[in-house]
Amino acid sequence: MIVGVPKETVPGERRVALVPDLATKLKGAGLEILVEPGAGAAAGFLDPAYEEKGARLDVDALGQADVLLKVQPPTVEEAGRVKEGATLIGFLQPYTNAAGIQALAVRRVTAFAMELMPRITRAQSMDALSAMSTVMGYKAVLTAANILPKFFPLLMTAAGTVQPARVFVIGAGVAGLQAIGTARRLGAVVEAYDTRPVVKEQVESLGAKFVEFGLETKNAQAATGYAKAQSEEFYQRQQALMARSVAAADVVVTTALVPGKRAPVLITEEMVRGMRPGSVIVDLAAEQGGNCALTEPGRDVVKHSVVVSGPVNLPSTVPFHASQMYARTVVNYLLHLVKEGRINLDLNDELTRGPLVTHQGELVHEAVKQAARA
C-alpha cells in the first residue's frame with residue numbers, strides 16, 4: 001500500500017504532513033512511502049532526509065497514493081487527480097469546504113478530517129487540533145510582544161522601574177493555556193477568562209489569575225470537551241462584564257471558537273475604544289469571523305489607536321515543529337486504521353467513525369451533512 005505525501009499548494013503553507021523520522025515508522029508497518037520532491041523543504045526537511053529513511057521521491061505522489069497525507073484540504077482540481085477509492089487523512093475544513101468535500105465524494109475517497117477527532121483518551125496522540133493550538137497560543141503572544149510598544153517583564157534599571165505588561169487571555173483551551181504560559185515566561189502579569197469553570201485550576205497552575213464574572217456557565221462545555229455556543233443574551237452580559245478587564249490590559253489574546261459555527265464576538269468596538277493607546281489584540285479566531293468586532297482576517301489594523309491583529313494559519317509560521325507535531329498525530333491515526341499493511345475500517349469504533357467525512361461516494365458525517373444543507 002502506497003502512502004503519498006504531496007507538496008502543499010495553499011499560498012503561505014509551509015508545513016508538511018510527514019517528516020522523515022516518521023517515514024521509518026510507516027515502513028515498519030509494511031507501507032511504501034512516496035514523497036513529492038520539495039514537499040518538506042519549507043519546513044526544513046529536505047529530500048535526501050526522506051530518502052535516507054526509505055521513502056521514494058515521485059512528482060505524482062498525489063495521484064499514485066492509496067493513502068494520501070495532507071495538511072490543507074486538496075483543491076477541487078487536486079481532488080480530481082486523487083486515485084479513485086483512495087484514503088485521505090488531513091485537515092479538510094468540513095463545515096465550510098462544501099465543494100472540496102463533494103469533489104472527494106465523487107472520487108469515492110474515504111476522507112478523514114483531523115479536526116473532527118473525538119476528544120477521548122485513545123485519541124489524545126491523534127489530536128491534531130490541540131497540537132496546532134499549542135503553536136497558535138505560543139506564536140500569538142510573540143506576535144503581541146513584537147507589536148506592543150512596551151516591555152513584557154518587570155525591569156529595574158538605573159533609569160527607573162519599568163512595570164510589566166498586563167495580558168488578558170480569553171478562552172483557556174489548549175491555545176489559551178499555551179498563551180498564558182508563554183506570556184508568563186516573558187514576565188507579563190496575566191489574567192484569563194473562560195466560560196468553563198473547570199479550567200480555573202489549570203489557569204492558576206500557570207501563574208495567572210482566573211477572572212470570574214458570576215455568569216451561569218454550567219452548560220458551557222459540550223460532551224466533546226469543546227466550549228458550547230451560548231445565547232446572544234449571555235454574550236451581551238459577558239461583554240459588559242469583560243469590558244473592565246479588556247480596558248486594563250496592554251494585550252488581549254482571544255481564542256474562543258465553537259466547532260462548526262462563527263466565532264462569538266466577545267470584544268465590541270466600544271470595548272476597543274476603551275483600551276489604552278498602543279494596546280494590542282491578537283484574535284486567534286480570525287479565520288472563523290473573529291472574537292473582536294474589528295478583526296480583519298490576515299491583517300493587522302489600527303482602530304482607535306489599538307492594533308487589532310487577525311493572524312491566519314499561525315502554525316505555518318513555525319513549520320519545523322508544527323510539521324513534527326502534526327505528522328505524529330497523522331501517523332498515529334493512520335496506524336490505527338492499518339491492519340496487516342491494509343486499511344481496515346471498523347465503523348463501530350468511534351475513533352474511526354468520528355473523523356470520517358466521505359466513504360464509498362457518500363457524505364457520511366451527520367454534522368457536516370447538516371452544515372452542507374444549511
Side-chain angles (χ1 to χ4, degrees), residues 1-9 15-40 45 47 49-74 78-92 100-101 103-114 116-117 122-123 125-126 128 323-324 326-362 364-365:
M1 188 169 68
I2 297 173
V3 176
V5 183
K7 188 173 182 178
E8 297 294 327
T9 59
R15 291 171 291 176
V16 63
L18 182 70
V19 297
D21 284 347
L22 292 174
T24 306
K25 197 170 183 180
L26 295 182
K27 291 284 288 186
L31 307 178
E32 183 179 351
I33 316 299
L34 291 187
V35 177
E36 182 177 346
F45 303 102
D47 293 343
Y50 286 99
E51 292 179 302
E52 288 170 10
K53 299 297 183 179
R56 288 196 296 115
L57 301 179
D58 195 301
V59 293
D60 192 29
L62 179 75
Q64 293 192 52
D66 301 303
V67 177
L68 193 62
L69 306 183
K70 277 189 60 51
V71 179
Q72 294 285 350
E78 287 173 330
R81 292 165 46 208
V82 174
K83 181 187 288 189
E84 188 165 349
T87 297
L88 168 65
I89 302 173
F91 285 133
L92 301 183
I101 297 299
L104 293 171
V106 167
R107 296 294 292 169
R108 301 183 67 81
V109 173
T110 297
F112 294 93
M114 291 300 287
L116 298 178
M117 194 64 62
R122 287 192 300 135
S125 66
M126 310 167 195
S323 294
Q324 282 188 333
Y326 178 72
R328 287 183 193 126
T329 67
V330 168
V331 167
N332 287 337
Y333 191 65
L334 174 56
L335 293 178
H336 159 73
L337 298 174
V338 169
K339 301 291 185 292
E340 297 180 355
R342 310 299 303 174
I343 294 290
N344 181 31
L345 299 186
D346 177 6
L347 297 182
N348 292 318
D349 183 352
E350 66 175 319
L351 188 50
T352 301
R353 186 180 65 252
L356 183 59
V357 178
T358 63
H359 183 51
Q360 297 180 341
E362 300 290 334
V364 296
H365 194 283

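Nothing here was measured: the structure is a model prediction, and the numbers come from that model. Numbers here simply count residues along the sequence, with the first being 1.
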Novice: Donor-acceptor pair, H365 side chain versus P355 backbone, under 3.5 Å?
Specialist: no
Novice: Taking atom NZ of K83 as the centre, does the number of heavy atoms from other residues, nucleotides or ligands within less than 6.0 Å exceed 12?
Specialist: yes
Novice: To check you understand the geometry: which heavy-atom pair defines the closest contact between D47 and G38, and what is its length?
Specialist: OD1-N, 2.9 Å
Novice: Once ring pair (Phe, Tyr, Trp, His ring centres under 6.0 Å) is applied, do any residues pair with H359, and if so which ones, sequence neighbours excluded?
Specialist: none
Novice: Partners of P74 by side chain to side chain contact (heavy atoms under 4.5 Å, CB included), sequence neighbours excluded?
Specialist: K70, E78, L88, L92, L104
Novice: So, the side chain of E8 versus the backbone of Q72: is there a donor-acceptor pair under 3.5 Å, distance only?
Specialist: yes
Novice: Should T87 and M1 count as side-chain neighbours, where that means a heavy-atom distance under 4.5 Å?
Specialist: no
Novice: To check you understand the geometry: which heavy-atom pair defines the closest contact between A61 and E36, and what is its length?
Specialist: CB-N, 3.8 Å
Novice: Could you grab the distance from atom OG1 of T329 to atom CE of M117, nearest 0.5 Å is fine?
Specialist: 7.0 Å
Novice: Minimum heavy-atom separation for R15 and S323, please, with both atom names.
Specialist: CA-OG, 3.3 Å
Novice: If you compare all heavy atoms of M126 against all heavy atoms of M114, which two are closest, and at what distance to 0.1 Å?
Specialist: O-CE, 3.3 Å
Novice: Nearest 0.5 Å, what's the CG-OH distance between L69 and Y326?
Specialist: 8.0 Å
Novice: For E84, give me all partners under side chain to side chain contact (heavy atoms under 4.5 Å, CB included), at least two apart in sequence or on another chain.
Specialist: R107, R108
Novice: Holding to side chain to side chain contact (heavy atoms under 4.5 Å, CB included), I want the full list of residues that pass it with A327, two or more places apart in sequence or in another chain.
Specialist: V19, L22
Novice: L345 versus F112: any side-chain heavy-atom pair under 4.5 Å?
Specialist: yes
Novice: Say you draw a straight line from CZ of R353 to CG of L116; how long is it, rounded to the nearest 0.5 Å?
Specialist: 13.0 Å
Novice: Minimum heavy-atom separation for F45 to V16, with atom names?
Specialist: CD1-CG1, 4.2 Å
Novice: Does Y50 use its side chain to pair, donor to acceptor, with the backbone of L18 at less than 3.5 Å?
Specialist: yes
Novice: Indicate every side-chain donor-acceptor pair of residues 336-343 with a distance under 3.5 Å to a residue at least two apart or in another chain.
Specialist:
residue, atom, partner, partner atom, Å
H336, NE2, T352, OG1, 2.9
K339, NZ, H336, O, 2.8

Novice: Do K25 and N332 come within less than 4.5 Å of each other through their side chains, counting heavy atoms only?
Specialist: yes
Novice: Output all residues satisfying side chain to side chain contact (heavy atoms under 4.5 Å, CB included) with E32, sequence neighbours left out; order by chain, then residue number.
Specialist: I2, L34, R56
Novice: Looking only at heavy atoms, which two atoms of L57 and P37 are closest? And how far apart?
Specialist: CB-CG, 4.2 Å
